[in-house]
Amino acid sequence: MMAWISIGIMLLLVALLARPTGMYVYKAFNGEQTRLDKWFGPLERVIYRLGGISPKQQTWKTYAASVVISNGMMTLLVYLVFRLQAYLPLNPSGIANMEPRLAFNTAISFMANTNLQHYSGESGLSYLAQMIAIVFMMFVSPATALAVVIAMMRGLAGKPLGNFFVDLTRSITRILLPIAFVSALVFVALGVPQTLEPTAVAQTLQGGEQSIARGPMASFLAIKELGNNGGGFMGANSAHPFENPGALSNMLQMLLMLLITTSLPFVYGKMVGNAKQGRVLFVSMAVLFIVMLSTSLTAEYSGNPALNALGADSGQGSMEGKETRLGVAQTALYSVVTTASETGAVNGMHDSLTPIGGMVPLVNMMLNTVFGGVGAGFMNVLLYAMVAVFLSGLMVGRTPEFLGKKLEGKEMMLIAVTLLVHPVLILVPSAIALFVYPETVSNPGFHGLTQVLYEFTSAAANNGSGFEGLGDNTPFWNISTGLVMYLGRYISVITLLAVVGSLAAKRKVPETTGTFRTDTGLFAVVFLGTALIVGALTFFPSLVLGPIAEQLTLKP
Amino acid sequence: MKSIVMGSLRLGLVLMALCGVLYNAAVTGIAGAILPKQAEGSLIYDTKGRIVGSELIGQNFTDPQWFHGRISSIEYNGAGSGTPNYSPSNPDLLARVQQSIQDWRTNNPEVPVDRLPLDLITNSGSGLDPQISPAGAKAQIPRIRSLTGIPAEQLEKLVEEFTLPRQLGIFGEPGVHVLKLNLALQKLVQQ
């Protein structure tokens, strides 16, 4: 009973915060003079001067080039930190330099907002690397995506796109940094450590010694969740009691994961001058979210039939890989939130979820439209909205229009490419891995297929959670997932900016009674249908062979 | 193009200083000043000032006279964290749970298996779970009573004392803090 109330409270808070946050984000990026300029202007001017930025308008091509080049340079900086961390200061636990292929994977992983981790934080990174490499990336990566999606909204609204470097800076100074700073201190109050002292050593009651790894974790945790990054300071991520001391820290983490991404439909509505456009998309995604959550909760409370049959008291539901203080409800909820928002943090081991409970996160990442990560998620939502408009247009035999602009051959080709990239990046490498490299799979049977599928889905969707039994710190996995993460991130940024650039150059056609409106309940249904049909048709066979087969073969 | 490359590099370094150095330094400084106990890891010290553990990190208890925590494949070594990531269909998981149930029967003859909750015989996500369910603690009372001679009522009171309720009465699940419970048990035994 309490579990349901706690879930209800949490969802209510998310719904209540979405619109006000959206209005704040809108103001933060608005060109007009606001009070925000008075507060953040001085800091931003210092950053522009030191960074040598001239805030002039960019075309879609310059904007896209700025994204790819700046992210490339930052990846390089971070790669160097990983490779040289042993020689740099703030390494009290004596961590060695990172091996080149792992450093390649890790640098891309954090730049691409994925945070797939093939290392373990306790033993793989120095405190300095955690701070100036990982935390730095955890700010610039979501800031990049937020900048891009704001530019796209401006373009769709018929305004100039803006300047990438200005948008990147504002994302950090006005949104990410202030919220992360306050949340970090709240996390410390709830018990998350924030120290530069090395690993502590305790004398245990049984007469042994216990090492206790710690570090500057609270500042890390705040931006990990707020920026939909998801990489853990510790190997066990937010299942670690330091990284998630109790149910309250758990709630705050989920709120932060959903805060910005649920606000973006409202930013969009405000930007295009019709709040309904955004509300329709918000409600559609909320429906998907509720369906996913109900499935997951049912599966996890039912537990594992094979274990339940052994005679112990199984009233708690499935507890393998979960934490007592959080319990089944908070873990199931977290698994849905972290994959809906493409964060990738975990507070229990997804590999050990029941087959259907583990399928829900997988489907969230395959659809990639249940809110999605900061910025990147809403790009996909716009993509699916355009596909929905196109399909409806085909059905009634009219040239489809989106926000008063005709969607024609050029745009549809770019959209189709973007749509196909996601399944190709998941299914083709999965097939290759299963064929040439099956020995890294740790769990036998159908679950082994799910492990591989999950890894590439997580990489392509820039999520970063994993079925962590997979032996993934090998050259094959480091290089293959590194490439998948990179392509999963930047192809859609370029193609969708191109779509927006192309639409912006067109004349607006007047709305008539024959226009298919995108701000109605009917559109919500078509939008949901499109996302589900495209997603289901593409991925259903692999789901049948993985989680569904495993569930059917779990015998008491 | 050249200006984008140079601008990116310079801006990258500036943002690295802002987000990587200044932000972390500010949080570390403020946290250390106003919340020093939490900031250093909620460590528990004994009367001689030695660290005996952390309030948040579970400890390994294998001798039968202690309350046991959850299964940990890393034996509660806090230098790392994690689990073997068994899938629900993994035969090794089934074998491990069957073994745990057999051990329970041997060590707790007075308590039938259907009073043994699953959390006691499953691996926690972190391998460092500091808590067990209240039912899991109560099921261990008969064993500890017979080994220490402390009456059951006194042990029950102790378990209740170290049971943490849901946070704000709503969030999460109630749990018993195993290390603190055992610290109190040790005191009782020494008396």
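Each chain gets a letter, A, B and so on, in the order the sequences are listed, and its residues count up from 1.
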Asker: At a heavy-atom distance under 4.5 Å, which candidate from A/Ala3, A/Ala180, A/Ala133 has the highest pair count against chain B?
Answerer: A/Ala180
Asker: Select one option (side chain, backbone, both, neither) describing which atoms of B/Tyr76 are under 4.5 Å from chain A's heavy atoms.
Answerer: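 Looking at B/Tyr76, backbone and side chain both touch chain A.
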Asker: Top residue by heavy-atom pair count (under 4.5 Å) with chain A, among B/Pro84, B/Gly78, B/Ser87, B/Gly172?
Answerer: B/Ser87
Asker: Give, as side chain, backbone, both or neither, the part of B/Thr83 having an atom under 4.5 angstrom from any heavy atom of chain A.
Answerer: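 Only the side chain of B/Thr83 comes within 4.5 Å of chain A.
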Asker: Go through the steps to decide whether B/Leu9 and A/Leu76 satisfy the test side chain to side chain contact (heavy atoms under 4.5 Å, CB included), and finish with yes or no.
Answerer: CA-CA 10 Å; B/Leu9 197 59; A/Leu76 192 68; 6.0 Å; no
Asker: Measuring heavy-atom distances to chain A, does B/Val14 have an atom under 4.5 Å in its side chain, in its backbone, in both, or in neither?
Answerer: side chain
Asker: Are any of the side-chain nitrogens in B/Glu173 or A/Lys322 under 4.0 Å away from the carboxylate oxygens of its partner?
Answerer: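 Between A/Lys322 and B/Glu173 there is no salt bridge, as every charged N stays at least 4.0 Å from the carboxylate O atoms.
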Asker: Against chain B, work out which of A/Gly317, A/Ala312, A/Ser318, A/Gly235 has the most heavy-atom pairs shorter than 4.5 Å and name it.
Answerer: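 Highest number of heavy-atom pairs under 4.5 Å: A/Ala312.
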Asker: What pair of heavy atoms forms the shortest contact from A/Ala222 to B/Tyr23, and how long is it?
Answerer: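 Shortest heavy-atom separation between A/Ala222 and B/Tyr23 comes out as CB-OH, 3.8 Å.
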Asker: If we count only N and O atoms by modelled type, under 3.5 Å, do the side chains of A/Glu468 and B/Asn85 hold a donor and an acceptor together?
Answerer: no
Asker: Using non-hydrogen atoms and a 4.5 Å limit, figure out which bit of A/Val140 sits close to chain B: side chain, backbone, both or neither.
Answerer: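 For A/Val140, the side chain is the part near chain B, not the backbone.
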Asker: With respect to chain B, which residue among A/Phe136, A/Phe220, A/Tyr48, A/Phe165 yields the maximal number of heavy-atom pairs within a distance under 4.5 Å?
Answerer: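 Highest number of pairs under 4.5 Å: A/Phe136.
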Asker: Identify the heavy atoms of A/Gln206 and B/Asp63 that sit nearest to each other, and give their distance.
Answerer: OE1-N, 2.8 Å
Asker: Select one option (side chain, backbone, both, neither) describing which atoms of A/Val346 are under 4.5 Å from chain B's heavy atoms.
Answerer: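 For A/Val346, no heavy atom lies under 4.5 Å from chain B.
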Asker: Select one option (side chain, backbone, both, neither) describing which atoms of B/Leu18 are under 4.5 Å from chain A's heavy atoms.
Answerer: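 B/Leu18 touches chain A through side-chain heavy atoms alone.
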Asker: Can you find a heavy atom in the side chain of B/Asn77 that is under 4.5 Å from one in the side chain of A/Ser211?
Answerer: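 They are in side-chain contact.
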Asker: Please tell me if the side chains of B/Pro88 and A/Pro355 come closer than 4.5 Å, counting only heavy atoms from C-beta onward.
Answerer: yes
Asker: Give the C-alpha distance, both sets of side-chain angles, the deciding distance and a yes or no for side chain to side chain contact (heavy atoms under 4.5 Å, CB included) between A/Asp313 and B/Asp114.
Answerer: CA-CA 5 Å; A/Asp313 174 7; B/Asp114 63 7; 5.8 Å; no
Asker: Working note: A/Thr324 + B/Ser124, criterion side chain to side chain contact (heavy atoms under 4.5 Å, CB included); need CA distance, chi angles, decisive distance, verdict.
Answerer: CA-CA 8 Å; A/Thr324 311; B/Ser124 66; over 6 Å; no
Asker: Is it the backbone or the side chain of A/Asn71 that comes under 4.5 Å from a heavy atom of chain B, or both, or neither?
Answerer: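 For A/Asn71, there is no contact with chain B at all, as no heavy atom is under 4.5 Å.
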Asker: Do the side chains of A/Asn308 and B/Leu118 get nearer than 4.5 Å, heavy atoms only?
Answerer: yes
Asker: Would you sort out whether B/Leu15 and A/Phe139 count as a side chain to side chain contact (heavy atoms under 4.5 Å, CB included), showing the intermediate values?
Answerer: CA-CA 9 Å; B/Leu15 292 178; A/Phe139 276 99; over 6 Å; no
Asker: Output the distance between atom CD1 (B/Ile121) and atom CG (A/Leu310), rounded to the nearest 0.5 Å.
Answerer: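 The CD1 atom of B/Ile121 sits 7.0 Å away from the CG atom of A/Leu310.
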Asker: Counting heavy-atom pairs closer than 4.5 Å to chain A, which one of B/Asp92, B/Leu93, B/Leu13 comes out on top?
Answerer: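 Most heavy-atom pairs within the cutoff with chain A belong to B/Leu93.
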Asker: Among the options A/Phe446, A/Phe181, A/Phe467, pick out the one with the most heavy-atom pairs lying under 4.5 Å from chain B.
Answerer: A/Phe181
Asker: For B/Gly12 and A/Met74, which heavy atoms make the closest approach, and how far apart are they?
Answerer: CA-CE, 4.1 Å
Asker: If you count heavy-atom pairs under 4.5 Å between each of A/Glu209, A/Arg214, A/Met217, A/Glu323 and chain B, which one has the most?
Answerer: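 Most pairs with chain B among the choices: A/Glu323.
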Asker: Looking only at heavy atoms and a cut-off of under 4.5 Å, which of A/Gln330, A/Gln203, A/Met234 has the most pairs with chain B?
Answerer: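 With the most close heavy-atom pairs to chain B, the winner is A/Gln203.
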Asker: Between B/Leu56 and A/Pro245, what is the shortest heavy-atom contact and its length?
Answerer: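 Looking at all heavy atoms of both residues, the shortest contact is CD2-CB, 3.8 Å.
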Asker: Would you say that more than 12 heavy atoms from the other residues, nucleotides or ligands in this model lie under 6.0 Å from the CD of B/Glu75, or not?
Answerer: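 At most 12 heavy atoms, drawn from other residues, nucleotides or ligands, come within 6.0 Å of this atom.
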Asker: Within this structure, what is the CD1-CG distance for the pair A/Ile212 and B/Leu128, rounded to the nearest 0.5 Å?
Answerer: 9.0 Å
Asker: Between A/Val201 and chain B, which part of the residue has a heavy atom less than 4.5 Å away: side chain, backbone, both or neither?
Answerer: backbone
Asker: Look up atom CD1 in B/Ile4 and atom CD in A/Gln58, then write down how far apart they are to the nearest 0.5 Å.
Answerer: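 Atom-to-atom, B/Ile4:CD1 and A/Gln58:CD are 6.0 Å apart.
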Asker: For A/Leu176, is it the side chain, the backbone, both or neither that has a heavy atom under 4.5 Å from a heavy atom of chain B?
Answerer: neither
Asker: To the nearest 0.5 angstrom, please state how far the CZ atom of A/Phe164 sits from the CG atom of B/Leu11.
Answerer: 8.5 Å
Asker: Check each atom of B/Trp66 against the heavy atoms of chain A and say whether the ones under 4.5 Å are side chain, backbone, both or neither.
Answerer: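 Only the side chain of B/Trp66 comes within 4.5 Å of chain A.
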Asker: Between A/Thr553 and B/Ser89, is any pair of side-chain heavy atoms under 4.5 Å apart?
Answerer: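 No, too far: nothing below the 4.5 Å cut-off.
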Asker: Can you list the steps and then say if A/Glu320 with B/Arg96 is a salt bridge (charged side-chain N to carboxylate O under 4.0 Å, His left out)?
Answerer: CA-CA 11 Å; A/Glu320 178 74 15; B/Arg96 194 201 69 206; 2.6 Å; yes
Asker: Can you see which heavy atom on B/Tyr86 is nearest to which on A/Ser352, and at what distance?
Answerer: O-OG, 2.7 Å
Asker: Once you round to the nearest 0.5 Å, how far does CE of A/Met2 lie from CG of B/Leu168?
Answerer: 11.0 Å
Asker: How long is the straight-line distance from CZ of A/Arg325 back to CZ of B/Arg166, given to the nearest 0.5 Å?
Answerer: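 Nearest 0.5 Å value for the CZ-CZ distance: 15.5 Å.
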Asker: With a 4.5 Å limit on heavy-atom distance, are the side chains of A/Pro193 and B/Gln38 in contact?
Answerer: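 Sidechains of B/Gln38 and A/Pro193: no contact.
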Asker: Identify which part of A/Met131 has an atom lying under 4.5 Å from any heavy atom of chain B, answering side chain, backbone, both or neither.
Answerer: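 Its backbone and side chain both get close to chain B.
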Asker: Could you tell me whether the side chain of B/Asn90 reaches within less than 4.5 Å of the side chain of A/Pro444, counting heavy atoms only?
Answerer: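 When only atoms from C-beta onward are counted, B/Asn90 and A/Pro444 do touch, with a gap below 4.5 Å.
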Asker: Taking the side chain as every heavy atom from C-beta outward, state whether B/Gln167 and A/Asn250 have any atom pair closer than 4.5 Å.
Answerer: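 In short, these two side chains do not touch, never coming nearer than 4.5 Å.
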Asker: Side chains of B/Asn60 and A/Gln210: does their closest heavy-atom pair fall under 4.5 Å?
Answerer: no
Asker: Is it the side chain or the backbone of A/Leu205 that comes within 4.5 Å of chain B heavy atoms, both, or neither?
Answerer: both
Asker: Going by atom types alone, do A/Gln194 and B/Thr28 pair a side-chain donor with an acceptor below 3.5 Å?
Answerer: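 Yes, a side-chain donor-acceptor pair sits under 3.5 Å.
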Asker: Of all heavy-atom pairs between B/Ala79 and A/Ala213, which one has the smallest distance, and what is that distance?
Answerer: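 Here B/Ala79 and A/Ala213 meet closest at O-CB, 4.1 Å.
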Asker: Does the side chain of B/Gln59 come under 3.5 Å of the side chain of A/Thr204 through a donor N or O and an acceptor N or O?
Answerer: no
Asker: Hey, which of B/Ile132, B/Leu120, B/Ile44, B/Val21 has the most heavy atom pairs under 4.5 Å with chain A?
Answerer: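 Of the options given, most contacts go to B/Ile132.
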Asker: For B/Thr62, which atoms come within 4.5 Å of any heavy atom of chain A: side chain, backbone, both, or neither?
Answerer: both
